[in-house]
**Q** 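I am attaching a structure below and will ask some questions about it afterwards.
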Amino acid sequence: MSNHVNGVKPVNAVFPENADSQEYAASLDAADPFAAFREKFIIPSKANIASTKLAKPNLSKEPCIYFCGNSLGIQPKATSKYLEAQLDTWSSIGVHGHFTNIEDSPLESWQLLADQAAASMCKIVGAAPDEVTAMGTLTANLHMLLASFYKPTAKKHKILLDWKAFPSDHYAIESHIAWHDLDSKKSMVLMGPDEGEYRISTEKIFSYIDEHAEDAALLLLPGIQYYTGQLFDIKTITEYAQSKGLVVGWDLAHAYANVELKLHDWNVDFAAWCTYKYGNAGPGAMGGLFVHEKHGIVDYSQGEDSPRFRHRLTGWYGGDRSVRFKMDNKFRPTPGAGGWQVSNPSAIDLACLLATLSVFDETSMSDIRRKSVHITAYLEYLLLKDTTDETRQFRIITPSNPEERGAQLSLLLKPGLLQNVAQKLQEAAIVCDKREPGVVRVAPAPLYNTYSEVWSFVKLFKEALKQ
Ligand SMILES: *Cc1c(COP(=O)(O)O)cnc(C)c1O
């Protein structure tokens with residue numbers, strides 16, 4: 001077994017003396033194999049980003065600097081094309097769209113559309129096509145998966161989670177505990193870092209698992225912590241928790257389309273993600289989920305009429321397509337993750353998802369990650385250059401090890417500075433997000449951000465700190 005996080009080798013970017021010059025940043029852009037990918041996106045213009053008027057995206061030429069792909073990715077040019085194709089299918093053939101493939105449309109018939117999305121998404125998360133399905137939205141999918149995988153007993157009832165879990169995840173877990181008539185004070189274990197720290201070590205997580213192994217049923221962690229940007233060692237933590245009898249799930253909201261994942265090989269039990277952050281599928285877009293193949297088996301050994309399968313909350317779209325329209329009320333789940341579907345999925349939402357997936361299909365997560373590690377290292381290098389821990393007005397709370405982070409760096413400012421910095425960034429049309437009390441999260445997205453943008457951001461950020 002490799003001793004690297006998630007089995008990934010570190011990439012130590014080394015920058016020359018002149019790396020803080022604008023020319024150097026431009027030279028990196030000139031050599032960037034992803035330069036052509038930037039052209040596949042509509043970057044909001046400086047004028048539009050500050051305006052409340054609905055403007056055609058390209059009315060003003062100068063693009064803003066968009067470092068907020070960790071919150072909402074920008075629009076691929078393919079999206080309007082795919083949406084239009086879907087609207088045309090609907091207006092042309094109505095209900096026949098369920099089964100008819102339209103020539104020249106990039107989209108399959110509606111019955112096959114979720115599978116078409118899964119076939120691309122599975123490459124992003126490192127899974128077999130049957131282990132992934134496109135459905136619902138992240139929190140709703142977490143509920144569906146917890147209904148299946150959280151089966152507390154009097155003895156084993158605890159859920160181990162992140163101490164600063166994204167509120168939605170916290171609420172979802174809390175409500176499942178209440179649903180089983182358990183007490184969240186006794187059944188929720190919040191795993192946090194050591195005092196004064198932000199990074200949670202794998203050893204620390206092991207110690208929580210050891211402490212609660214007797215009565216813990218499930219562990220649910222974010223692949224990447226949204227606030228600190230820490231990437232957890234999914235592979236090692238999964239293996240360890242399972243060895244202690246826990247079921248292991250991951251919320252990949254910030255990891256999907258950001259870092260390399262191998263959910264199948266890492267033997268993850270289940271996972272869910274949204275597609276609108278690094279995935280660029282659009283606000284509130286359809287999410288995805290993963291169920292390991294070992295949990296998706298449908299066993300007919302007791303007879304054709306008595307399929308045995310893992311319990312889930314069911315609906316007709318989880319039923320095998322071959323019998324979906326028989327309407328005989330005998331549930332025969334689709335083998336694999338598809339069997340967790342419940343409703344007829346929105347073909348409009350799926351068109352948005354497939355549009356952005358068509359961009360990912362042209363590259364690979366290993367290539368995306370290679371640029372990501374480098375551009376984030378460049379951001380870190382410029383931020384830290386010519387300052388020391390004593391003189392610096394901020395602290396990078398994201399781990400410095402590139403194996404332990406994705407695209408995002410979280411900058412914790414000294415008290416009282418956030419307001420001014422946020423205002424200066426806004427005036428310069430630099431979009432990144434603020435988390436009170438003092439964190440600025442900056443995420444250069446490798447598909448569309450440039451080294452020159454990183455350079456401009458750091459220059460302005462440092463100037464704003466001086467004032
Ligand atoms: C973005 C995010 C969510 C959002 O959930 P939705 O159901 O898509 O609104 C939930 N959890 C985490 C960890 C997130 O980062």
Side-chain angles (χ1 to χ4, degrees), residues 67-74 117 121 124-125 132-147 149-150 159-176 188 190-192 198 200 205 218-232 234 237 248-259 261 263 268 270-290 313 340-343 345-346 349-350 352-353 356 397-398 405-410 431-436 439-443 445:
F67 281 147
C68 216
N70 57 338
S71 187
L72 180 72
I74 56 174
M121 271 204 292
I124 297 178
V125 297
V132 168
T133 197
M135 66 181 264
T137 50
L138 174 53
T139 310
N141 288 343
L142 282 175
H143 277 298
M144 301 304 286
L145 290 164
L146 285 170
F149 287 93
Y150 178 53
I159 299 183
L160 275 53
L161 68 151
D162 172 17
W163 105 116
K164 243 182 184 297
F166 194 92
S168 207
D169 300 45
H170 189 100
Y171 304 150
I173 290 169
E174 199 169 42
S175 70
H176 274 268
M188 275 171 98
L190 308 189
M191 301 187 287
Y198 289 91
I200 311 178
I205 290 172
L218 187 139
L219 176 143
L220 180 64
L221 276 175
I224 291 182
Q225 216 283 347
Y226 78 97
Y227 182 73
T228 66
Q230 178 181 357
L231 166 61
F232 287 102
I234 300 173
I237 294 169
V248 181
W250 292 89
D251 179 329
L252 302 173
H254 282 259
Y256 171 79
N258 180 10
V259 294
L261 299 164
L263 300 184
V268 164
F270 69 90
W273 55 90
C274 49
T275 58
Y276 50 77
K277 292 173 178 167
Y278 297 97
N280 309 316
M286 187 173 287
L289 63 78
F290 165 90
L313 299 182
W340 268 258
Q341 292 172 89
V342 280
S343 284
S346 160
D349 277 2
L350 279 166
C352 289
L353 179 54
T356 184
I397 61 172
T398 306
R405 67 186 185 201
Q408 169 189 327
L409 293 184
S410 302
V431 185
C432 41
D433 88 4
K434 303 149 281 275
R435 280 283 179 265
E436 294 289 349
V439 166
V440 178
R441 301 187 305 171
V442 197

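Order of listing sets the numbers, starting from 1, for every ligand and every atom in it.
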**Q** How are the rings of Y227 and Y198 set relative to one another: parallel (under 30°), tilted (30 to 60°) or perpendicular (over 60°)?
**A** tilted
**Q** Using the test ring-ring contact (aromatic ring centres under 6.0 Å, His included), find all partners of F232 that sit at least two apart in sequence or belong to another chain.
**A** none
**Q** Can you list, pair by pair, the side-chain donor-acceptor contacts under 3.5 Å of residues 138-146, counting residues two or more places apart and other chains?
**A**
unit_1, atom_1, unit_2, atom_2, d
T139, OG1, S168, OG, 2.7
N141, ND2, M135, O, 2.9
N141, ND2, T137, O, 3.4
H143, ND1, H176, NE2, 3.0

**Q** Do S410 and Q408 have a side chain donor and acceptor closer than 3.5 Å?
**A**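 Side-chain D/A pair, S410 to Q408: present.
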**Q** Run the ring-ring contact (aromatic ring centres under 6.0 Å, His included) test against W340 and tell me which residues pass, sequence neighbours left out.
**A** none
**Q** Do the ring planes of W273 and Y256 sit parallel (below 30°), tilted (30 to 60°) or perpendicular (above 60°)?
**A**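 The rings of W273 and Y256 lie parallel, inter-plane angle below 30°.
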**Q** Identify all N/O pairs between ligand 1 and the protein with a separation under 3.5 Å and present them as a table of atom names and distances.
**A**
unit_1, atom_1, unit_2, atom_2, d
ligand 1, 5 (O), T139, OG1, 3.4
ligand 1, 7 (O), T139, N, 2.9
ligand 1, 7 (O), T139, OG1, 2.5
ligand 1, 8 (O), Y276, OH, 2.5
ligand 1, 11 (N), D169, OD1, 2.6
ligand 1, 11 (N), D251, OD2, 3.3
ligand 1, 15 (O), H254, NE2, 3.2
ligand 1, 15 (O), K277, NZ, 2.5

